[in-house]
A.B. asks: 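Let me begin by handing over the structure; questions about it come next.
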Amino acid sequence: TAHSTRGPRPEASLLFEQWPRAVDPPFAIAEATGAEVAAGCGAVAGLPLAVELAAAQVRVLPPAALRDRLARRIDALSGGMRDRPTRHQTMRATIAWSHDLLSDGERRLFHRLGAFAAPASLAAIERVCAVGDEDGDVLADLAGLVDKSLVRRIDGRRGEPRFTMLELVRDFAVERLDASGESDAVRRRHARGVLDHLTRYEDARWRDAAHWIDDVNEMAPDVRAVVERAIATGDRSTAAGIAAALIGYVEVSPVEVVRWIEQAVEWIDDVDAVTAGRLRFGAGYVELLRGQLDPARVQWQLALELFRGLAHDRYAALALAYMAATFIGSPDEYERALGLCAEAAGIARPVGEQPLMAQILNVEGELARVQGDDERAGAAYRRALDAARAGHEPGVESTVLANLSYLAAHRGDVDEAYRLGRESLRMGWALGLRTPVASGLGELAGAELVRGRPERAARLAGASDAALEVLGTSRGPGDQPGHERVVDELERA
């Protein structure tokens, strides 16, 4: 539609005017150039990204020149994309045209940014993209890419600046990176950055676990891209290192992380002792999720031996606690399991990591609860809850609340059981803890049954079973007996 002062302004022309006005408030499209602007917008089918990319050049070229240059680029570049939708042909041509206007430094940075699949911090971009004197001022080049709408600045989960590209723009950057001759080097730096970042998180989450799940969620596309590439290219060190660093993330993304751990365990002889020990932890947890307690115990015993040899008290204590958890519901092994928990706690106290103590105490509570010693279980759970909160560990806090819900139901406090169960589910859902949420639905079914709502209880129990099946996991040994009792009562009802 031609620009006219007598009728409504086309949306694309309005969008075109918004971008330069953001950096130059007095800017406005003069009536004399309105037709050129409208024609240029029409040439890119009014696609918002294409209009924005074109408008980003308005300080360099007048609208008439923009229109002519853009038309030439479309004519030249869309011929090789006849099998793609017209929308994509136009977008690709627009991105290519904008790319060709970049400075050398901006163009080099744009290519290298193709290695990032997730929004990246400035620090991460500098680590991966600034490697030599010729790279100049990365911040200035990044600002130029933002000004030209090839890169977008967004806020991270805690408000920190991150930089990302739209999918079509990133696809173009990836093509140029692959053709640049430096793709392998850039991707190696990116993979090393992801591995180092996750490894630091695996250590940091034991001191203050407040944000680690959110942070890993935010970088998940990068993690996925790096691991899959490492597996495909035989980069065992990177793939195994990331799998080992994600052992605490299994409950968030069990299907994917389980696959990575299983692959990495096959390479366990090729990695360092700490990575091997962490992989043994992961392998044990995978077996536990599948309800295979004896194989899980074997893996944790192997982890214990490795970490005792390394004098690594955190993981030695955790291995002992996890081994104790495999005896939940086994009366003949109850005293032995409590002894393992006591040994774990004795090793963990000098370490001073509250999330670690919370996990050990929760296992003690599970052992006592299933054995029928609710008094001991309650005391252990309450201490576990205090430790989880002191260590800002909402994942363990969610688990302990669910277990306290069981105890409330045992003593007939139905309202408290229901409240605790719902609070546990809310926390687990907010964190994205898929496996605990799936199991927690079944726990809440028991509270609904006692409240006299068997149909709702049955729906929750069925949803819980279905979710666990989709995840390829099973209930923990402490939860299975209670679930079976609920199902038996539902069948009678």
A.B. asks: Is there a salt bridge (charged side-chain N to carboxylate O under 4.0 Å, His left out) between Arg308 and Glu305? Walk through the geometry before answering.
C.D. replies: CA-CA 5 Å; Arg308 274 184 165 157; Glu305 293 167 4; over 6 Å; no

A.B. asks: Side chains of Asp272 and Ser237: does their closest heavy-atom pair fall under 4.5 Å?
C.D. replies: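 A side-chain contact is absent here, since even the closest heavy-atom pair is not under 4.5 Å.
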
A.B. asks: Mind checking what makes ring pair (Phe, Tyr, Trp, His ring centres under 6.0 Å) contact with Tyr249, not counting sequence neighbours?
C.D. replies: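 Listed in chain order: nothing, the list is empty.
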
A.B. asks: Nearest 0.5 Å, please: how far is CZ in Arg108 from CG in Leu102?
C.D. replies: 11.5 Å

A.B. asks: Please determine whether the number of non-hydrogen atoms from other residues, nucleotides or ligands lying under 6.0 Å from atom CZ of Arg411 exceeds 12.
C.D. replies: yes

A.B. asks: Is it true that Asp294 and Arg297 have a side-chain N and a carboxylate O under 4.0 angstrom from each other?
C.D. replies: yes

A.B. asks: Using ring pair (Phe, Tyr, Trp, His ring centres under 6.0 Å) as the criterion, list what pairs up with Phe116, not counting sequence neighbours.
C.D. replies: His190

A.B. asks: Any ion pair linking Asp415 and Arg451 (charged N to carboxylate O, less than 4.0 Å)?
C.D. replies: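 Judged by the 4.0 Å cut-off on N to carboxylate O distance, Arg451 and Asp415 do form a salt bridge.
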
A.B. asks: Once salt bridge (charged side-chain N to carboxylate O under 4.0 Å, His left out) is applied, do any residues pair with Arg162, and if so which ones, sequence neighbours excluded?
C.D. replies: Glu160, Glu218

A.B. asks: In the structure I gave you, are the side-chain heavy atoms of Pro477 and Thr326 within less than 4.5 Å of one another anywhere?
C.D. replies: no

A.B. asks: Quick one: salt bridge (Lys or Arg N to Asp or Glu O under 4.0 Å) pairs with a partner in residues 219-236, sequence neighbours left out?
C.D. replies: Asp184-Arg229, Arg224-Glu256, Glu228-Arg259, Arg236-Asp270

A.B. asks: With sequence neighbours left out, what residues match Arg336 under salt bridge (charged side-chain N to carboxylate O under 4.0 Å, His left out)?
C.D. replies: Glu333

A.B. asks: What I want to find out is whether Asp155 reaches Arg153 closely enough, with some N-O distance under 4.0 Å, to be called a salt bridge.
C.D. replies: yes

A.B. asks: What verdict does the side chain to side chain contact (heavy atoms under 4.5 Å, CB included) test give for Tyr406 and Asp479, after you've listed the backbone C-alpha separation in whole Å, the side-chain angles of each residue and the deciding distance to 0.1 Å?
C.D. replies: CA-CA 9 Å; Tyr406 273 128; Asp479 299 332; 3.5 Å; yes

A.B. asks: Of all residues at least two apart in sequence or in a different chain, which pass the side-chain contact (heavy atoms from CB on, under 4.5 Å) check with Arg422?
C.D. replies: Tyr418, Arg426, Leu444

A.B. asks: List for me each residue that meets salt bridge (charged side-chain N to carboxylate O under 4.0 Å, His left out) alongside Arg349, sequence neighbours excluded, and say none if there are none.
C.D. replies: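 Salt bridge (charged side-chain N to carboxylate O under 4.0 Å, His left out) list for Arg349, sorted by chain: empty.
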
A.B. asks: Using ring pair (Phe, Tyr, Trp, His ring centres under 6.0 Å) as the criterion, list what pairs up with His197, not counting sequence neighbours.
C.D. replies: Tyr201

A.B. asks: Between the side chains of Arg112 and Glu182, is the shortest nitrogen-to-carboxylate-oxygen separation below 4.0 Å, so that they form an ion pair?
C.D. replies: yes

A.B. asks: Quick one: list whatever passes salt bridge (charged side-chain N to carboxylate O under 4.0 Å, His left out) with Glu262, sequence neighbours left out.
C.D. replies: Arg290

A.B. asks: Quick one: list whatever passes side-chain contact (heavy atoms from CB on, under 4.5 Å) with Glu375, sequence neighbours left out.
C.D. replies: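 By the side-chain contact (heavy atoms from CB on, under 4.5 Å) rule, Glu375 matches Asp373.
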
A.B. asks: Is the backbone N or O of Thr435 less than 3.5 Å from a side-chain atom of Thr473, with the two atoms forming a donor-acceptor pair by type?
C.D. replies: no

A.B. asks: Can you tell me if Ser439 uses its side chain to pair, donor with acceptor, with the backbone of Pro436 under 3.5 Å?
C.D. replies: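 No; zero donor-acceptor contacts below 3.5 Å.
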
A.B. asks: Do Met165 and Leu150 have side-chain heavy atoms sitting under 4.5 Å apart?
C.D. replies: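 Contact flag for Met165/Leu150 side chains = no.
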
A.B. asks: Applying side-chain contact (heavy atoms from CB on, under 4.5 Å), name anything that partners Glu489, two or more places apart in sequence or on another chain.
C.D. replies: Leu449, Arg492

A.B. asks: Tell me, do Leu367 and Leu338 make a side-chain contact under 4.5 Å, heavy atoms counted?
C.D. replies: yes

A.B. asks: From the options Phe307, Tyr322, Trp300, select the one residue that forms a ring-ring contact (aromatic ring centres under 6.0 Å, His included) with Tyr315.
C.D. replies: Phe307

A.B. asks: Among residues at least two apart in sequence or on other chains, which ones pass side-chain contact (heavy atoms from CB on, under 4.5 Å) with Ala377?
C.D. replies: Ala368, Arg369, Tyr381, Leu407

